[in-house]
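For this chain, numbers begin at 1 and follow the sequence in order.
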Amino acid sequence: MRRALIGLLAVVALVLAGLGVSRLIDPVVHIPGIAGPVGATPLPAPPPAASPDSFPATGGRSALALWVTDPDSDWLSLAFGLRSIGVPLVVTTDAARATQHAVVLAYPRVSGRTVSAAASVALRQHVQAGGTLVGFEVLGAGLADVFGLSSVQEGAERQVLRLNADSAQRWGLDAPQEREIRLGSVQTPLRSVALQAVPEARVLATFDDASPAWLEHRFGQGRAYTLAFDLGAFIAGAQQGRRALWHEYINSYEPAVDVLLRWVKAVYREGQPAAVTLATVPQGRPLSVVLSHDVDFSGSMRHALDYARSEARQQVRSTFFVQTKYVKDWSDERFFDANGLALASALQALGGELASHSVAHTPVFATVPVGTGAETYPEYAPYVLSKEKTRGATVLGELRVSRFLLEKASGGKPIDSFRPGHLAYPPSLPEALQATGYRFSSSLSSGMALSHLPLQLSHRREGRAPVPVFEFPITLEDERVRPMDTALLPQAIQVAERLARYGGLCVVLIHPNVLDDKLRFQEAFVSAMRQRGAWFGTLGEFGAWWRARDGVQVDVTPGDATHAPRLRLNTPQAIRGLALQLPERWQAPAGSGQTAPHGWVVDLPAGQTELVLERRP
């Protein structure tokens, strides 16, 4: 009888569909008067690989020079990292040009195959005359004595790097996660060279077998540093998804990439007396805090309003990643209907920033097809059948349709940020974000990225061609430790205090499915961070500031006994609250800005700005 009834219902459904009344059984909720978006947004053609010699410079003669000895390497990931830590940068394949700068990074390898005889002579003379040279995977090229090496051997495989006590103290790296860095695993070790140092060379760090990993050697009037591994490949391995090296996926301090970039920044500031670097937090504050919420459950929309009201009372704003779920399926009810659209508008009216959390929130988003870029609401109807299977979803459909609907809720205000459900990350996501108009992503955990700083994305996450979209990794979230206000709060504050030492970013993710301990945690964390001087803002606010900062170009004329130092800044976009980290012996003239924990803070218009500095008494 039951089977007969099911069969009859199926026949009825087919008949209704044939009569054009399929909407009676349609799982899609139709919001009156809304359909779109108009037009198509297909993926752009694959871009050519970036060229070192055409990479935009962010500095002049006072900048650090990244001399690329092999363009077919991970130099782009290293360049992105150096820009994120605030180091003015010039990238070149010309050794003569590189040695015009006080500090030179020779990357990815120094060997007879990558360094010409003329370049070898230029590097030797550069160090002898007082310059600084950092070499990666140094195999010789006639420079062994410059780097303080007695022998080298290729092919070593490493898993761990340990700073010695003197190095940790010298650069202020005293946390356990800063002194010991996981470079690889048994399954995926990091390739390196095996170094033997002359007695005069100083060992800064060792590998797990106690062999040298970093060396410092004085030669002539200058210094040469050796790193026995490929720093760019290590950064790319974490941030492009090639290696999973974290100790903890979330809710922890995972600064491995940041530690290595901070070290390069310190070497640059030591070797370039006129170095001016960029702080990583608006207004020069100790750290940035971005509160965010994933609204991906039918009961979450109204609770989200309570979070927004709480934030208004504490005078902070957050970003609400809203799932535009208009299809009832295995995972949940459909909740983005006309009422859901109105609730999203109410979130914005309370001060919340709207962002996309996809349409389907499918667990298999990382494996769905890219799509055509012509997907529209309400015809686009992705259906989650189970944890392992979803029908009809595409990457472009999830991005463009959710953005279209949320812009209806925002009154036409652009939706700039995206976060996928389950942090599932398809290889095509960077270029798909670009194609559909997004500028910011928060799709990785800081544990995955091994960094608490933003990073720029690349085509298919291959580290070869830049995509103008920035990723902001998540540091703290609500699903692993409950109750949050008692079990997680002390750990969260400790992590944030570590980030405050170098201007890290703390993105907090809380699902507003309940209030209780989650809301209490957020309110207590906001109070604690305010006491520590944190900067608060939405992801869009921080992202816009970061994009402007990323384009700032810095050059310095040191001056002499009769001429004051001059700082020249080129800012393609106006930027407020940019903190400049000056040499210790220099200071800003009175009334030209304000001092802050991480630098001298200025507001800059678009275009060229020249500032005259003063020498400290």
Ignoring hydrogens and geometry beyond distance, is a side-chain donor-acceptor pair present between [X] and [Y] at under 3.5 Å?
X    : Y    : value
R269 : T277 : yes
R498 : Q177 : no
E254 : S446 : no
S300 : N513 : no
S292 : R419 : yes

Does some side-chain heavy atom of [Y] sit less than 4.5 Å from a side-chain heavy atom of [X]?
X    : Y    : answer
L78  : I235 : yes
I510 : F521 : yes
F55  : F80  : yes
P583 : V276 : yes
P466 : L76  : yes
E471 : Q239 : no
F234 : L183 : yes
L143 : L123 : yes

## Note on the structure
In D294, I474, I250, the residue satisfying side-chain contact (heavy atoms from CB on, under 4.5 Å) with L423 is I474
#### Entry: Name of the residue among V110, V193, T226, L105 meeting side-chain contact (heavy atoms from CB on, under 4.5 Å) with F136
L105
Would you say [atom1] of [X] has more than 12 non-hydrogen atoms from neighbouring residues, nucleotides or ligands within 6.0 angstrom?
X    : atom1 : result
Q491 : CD    : yes
Q314 : CD    : yes
R585 : CZ    : yes

State the [atom1]-[atom2] distance between [X] and [Y], to the nearest 0.5 angstrom.
X    : Y    : atom1 : atom2 : result
L161 : L190 : CG    : CG    : 10.0 Å
Q522 : M484 : CD    : CE    : 8.5 Å
W171 : L204 : CH2   : CG    : 4.5 Å
R202 : E216 : CZ    : CD    : 5.5 Å
N164 : R170 : CG    : CZ    : 10.0 Å
S417 : H357 : OG    : NE2   : 13.0 Å

Thinking salt bridges, do [X] and [Y] make one under a 4.0 Å N-O criterion?
X    : Y    : value
R158 : D209 : yes
D517 : R482 : yes
K518 : D485 : no

### Exam field: side chain D230 to backbone P108, donor-acceptor pair closer than 3.5 Å
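Here the side-chain-to-backbone pair does not exist.
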### Task
Using modelled atom types only, decide if a donor and an acceptor are shared between the side chain of S62 and the backbone of A274 within a distance under 3.5 Å.
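Here the side-chain-to-backbone pair does not exist.
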Smallest separation among heavy atoms of [X] and [Y], with atom names:
X    : Y    : answer
R501 : D174 : NH1-OD1, 2.6 Å
L287 : A496 : CD1-O, 3.7 Å
H293 : S318 : CD2-OG, 3.3 Å
R530 : V316 : NH2-CG1, 3.3 Å
F147 : A224 : CD2-CB, 3.7 Å
L505 : T475 : O-OG1, 3.4 Å

#### Entry: R218 and E200: CA distance, side-chain angles, deciding distance, side-chain contact (heavy atoms from CB on, under 4.5 Å) verdict
CA-CA 8 Å; R218 292 186 177 272; E200 297 79 16; over 6 Å; no
### Query
Can you say whether the rings of F229 and F207 are parallel (under 30°), tilted (30 to 60°) or perpendicular (over 60°)?
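Because their plane-to-plane angle is over 60°, the rings of F229 and F207 count as perpendicular.
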### Query
Ring centroid separation for W546 and F440, is it under 6.0 angstrom?
no
### Message
Taking the ring of Y253 and the ring of H452, is the distance between their centroids below 6.0 Å?
### Response
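Yes - the distance between ring centres of H452 and Y253 falls below the 6.0 Å cut-off.
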### Message
Testing F472, Y438, F470 one by one against F418 for a ring pair (Phe, Tyr, Trp, His ring centres under 6.0 Å), which residue passes?
### Response
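Testing F418 for a ring pair (Phe, Tyr, Trp, His ring centres under 6.0 Å) against F472, Y438, F470 leaves exactly one candidate, Y438.
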### Task
Check the pair S150 / Q196 against side chain to side chain donor-acceptor pair (under 3.5 Å), numbers first and verdict last.
CA-CA 5 Å; S150 59; Q196 292 292 327; 5.1 Å; no
### Residue list, side-chain contact (heavy atoms from CB on, under 4.5 Å) with R461, at least two apart or on another chain
Q240, Y425, P430, L444
#### Entry: Trace of the side-chain contact (heavy atoms from CB on, under 4.5 Å) decision for L429 with L433
CA-CA 6 Å; L429 185 59; L433 290 167; 3.8 Å; yes
### Task
Using the side-chain contact (heavy atoms from CB on, under 4.5 Å) rule, take L163 and E178 through it: C-alpha gap first, then chi angles, then the decisive distance, then the call.
CA-CA 8 Å; L163 273 73; E178 295 169 341; over 6 Å; no
### Message
Going by the rule ring pair (Phe, Tyr, Trp, His ring centres under 6.0 Å), which residues pair with H247 if we only count those two or more places apart in sequence or in a different chain?
### Response
none
### Task
Scan for salt bridge (Lys or Arg N to Asp or Glu O under 4.0 Å) pairs involving residues 539-549, sequence neighbours excluded, and state none if there are none.
R317-E541
### Check against side-chain contact (heavy atoms from CB on, under 4.5 Å), V259 and L173
CA-CA 8 Å; V259 166; L173 302 169; 3.9 Å; yes
